[in-house]
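It should be emphasised that the depicted structure is a prediction, and the values quoted were computed from it without experimental measurement.
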Amino acid sequence: METTPQITFRGLEARPEITEMIEEKIAKLEEVSNRITSARVTVELRSGKGHKGHLYQVAVELEVPAGTVIVNHKPGDLGAHEDLRVAVRDSFNAARRQLREHMARLDEQQVRSYPERRHGTVVRLFPDEGYGFIENAERDEVFFDRDSVNNNGWTALDIYSEVAFTQQDGDKGLFAANVTLVSRPGG
C-alpha cells in the first residue's frame, strides 16, 4: 500500500485490540490485491432509536486502480452489530467481496485477446465480382471481399500478392478480415 491506513474512531475511544484487528484485516485485503493504494476505516458508535445498548458502524474505503471500493455497513436489524468485532468482521468480509469483484472487472477490461494476424498469398481474385481467396500457411483457402481490404487496397491486389489478415470462422467457412497488402508479386 502506498500510504499508511487511516483508522478513525468516532463516539468511542480508540481500542488497541480493535486497531490491531483492523490492521490484520487490511493485510488480508492486500493478499486479495496488492494494488490497494490507500485504506480508510471509520469505526463509529451510534445510538439506536428505541434500542438498548451500543450499535457500531464500520466503514471501509479502499482506493484501487480505476475506482474506489466503499463499504458502509449500518447496524443490522438483528443486532449483529452490537458487537464491535462482528461489525468489523462483516464490513471487511463485504470489502473483500467487493474488492475481488472490482479487480476481476478491471482484469477483464485489461486482458482482451486480439485475433492473430496471419500472412498468406492471394491465389484467386475476381475483381469484377469483388471477392477473392487467400492461401494461408496451412494451405487452406480463405475467402475475402473488397470490403475486408484496408486502405482502399483492393485495386492494388493481384494474384500472388502477399497479404496480412485476420482469419475468422464463418457460416460458410474461413474468411479474412482486415486484409492488408504486404507486397505485390515481383516487388
Side-chain angles (χ1 to χ4, degrees), residues 1-119 147-152 164-171 174-180:
M1 188 171 318
E2 294 176 10
T3 61
T4 304
Q6 295 176 356
I7 303 171
T8 305
F9 290 83
R10 290 189 187 145
L12 71 154
E13 292 294 319
R15 294 176 38 192
E17 72 276 8
I18 298 301
T19 300
E20 183 179 332
M21 180 183 182
I22 290 170
E23 288 170 346
E24 290 171 3
K25 298 286 187 183
I26 290 170
K28 292 279 189 189
L29 290 176
E30 287 183 296
E31 292 174 9
V32 172
S33 173
N34 62 357
R35 297 170 68 190
I36 300 170
T37 57
S38 71
R40 287 177 293 287
V41 180
T42 303
V43 179
E44 187 173 0
L45 175 63
R46 305 187 116 205
S47 59
K49 294 181 180 175
H51 188 276
K52 295 180 182 176
H54 301 298
L55 293 176
Y56 296 98
Q57 178 178 347
V58 178
V60 180
E61 187 174 331
L62 306 171
E63 294 291 331
V64 291
T68 305
V69 172
I70 298 174
V71 173
N72 194 8
H73 270 177
K74 293 186 171 55
D77 294 333
L78 301 177
H81 293 81
E82 291 175 358
D83 183 325
L84 180 52
R85 291 180 178 279
V86 173
V88 170
R89 181 201 66 201
D90 288 354
S91 290
F92 275 90
N93 285 347
R96 170 177 274 126
R97 282 190 303 275
Q98 287 185 29
L99 180 60
R100 282 187 178 137
E101 290 169 4
H102 177 83
M103 298 312 291
R105 281 192 306 273
L106 190 60
D107 289 343
E108 286 173 14
Q109 292 170 359
Q110 291 178 350
V111 181
R112 290 192 175 146
S113 61
Y114 294 96
E116 177 185 347
R117 291 289 285 169
R118 296 172 169 254
H119 288 269
D147 294 333
S148 62
V149 180
N150 295 329
N151 303 321
N152 297 321
F165 62 98
T166 303
Q167 182 173 298
Q168 299 178 351
D169 289 319
D171 294 338
L174 299 175
F175 70 94
N178 295 322
V179 178
T180 305

Given side chains that start at C-beta, do those of V88 and I18 come closer than 4.5 Å, heavy atoms only?
yes
Taking all heavy atoms of I26 and all of A39, pick out the closest pair and write down the distance.
CD1-CB, 4.3 Å
Q6 and V41, any side-chain heavy atoms less than 4.5 Å apart:
no
Classify the side-chain pair E63/T37 by whether it contains a donor and acceptor separated by less than 3.5 Å.
no
First locate atom CD of E116, then atom OG1 of T166, and finally report the distance between them rounded to the nearest 0.5 Å.
9.5 Å
Please name the pair of heavy atoms, one in L45 and one in G11, separated by the smallest distance, quoted to 0.1 Å.
CD2-O, 3.3 Å
Say whether, by atom type as modelled, one donor and one acceptor occur between the side chain of S91 and the main chain of V58 under 3.5 angstrom.
yes
Looking only at heavy atoms, which two atoms of A59 and N72 are closest? And how far apart?
CB-OD1, 3.6 Å
Beyond-backbone contact of M103 with V32, side-chain heavy atoms, under 4.5 angstrom:
no
How many angstroms lie between CG in L84 and CD in E17, if you round to the nearest 0.5 Å?
8.0 Å
Strictly by modelled atom types, are R46 and Q57 linked by a side-chain donor-acceptor pair under 3.5 Å?
yes
To the closest 0.5 Å, what do you measure between CZ (R10) and CD (E44)?
6.0 Å
Step by step, would you call I70 with V60 a side-chain contact (heavy atoms from CB on, under 4.5 Å)?
CA-CA 6 Å; I70 298 174; V60 180; over 6 Å; no
So CG of N178 and OG1 of T180: to nearest 0.5 Å the spacing works out to 6.5 Å
State the CG-CZ distance between D83 and R89, to the nearest 0.5 angstrom.
8.5 Å
Run E82 and L55 through side-chain contact (heavy atoms from CB on, under 4.5 Å) and show every step you take.
CA-CA 5 Å; E82 291 175 358; L55 293 176; 3.7 Å; yes
Does T68 reach the side chain of V64, with side-chain heavy atoms less than 4.5 Å apart?
no
In sequence, state the C-alpha distance, the side-chain angles, and the governing distance for F9 and T42, and then conclude on side-chain contact (heavy atoms from CB on, under 4.5 Å).
CA-CA 6 Å; F9 290 83; T42 303; over 6 Å; no
Under the criterion side-chain contact (heavy atoms from CB on, under 4.5 Å), I'd like the reasoning laid out for L29 against R96: C-alpha separation, chi angles, the key distance, then a yes or no.
CA-CA 6 Å; L29 290 176; R96 170 177 274 126; 3.8 Å; yes
Taking H119 for the side chain and F165 for the main chain, is one N or O donor matched with an acceptor at less than 3.5 Å?
no
Interatomic spacing from CZ in R35 to CG in L62 - rounded to 0.5 Å
14.0 Å
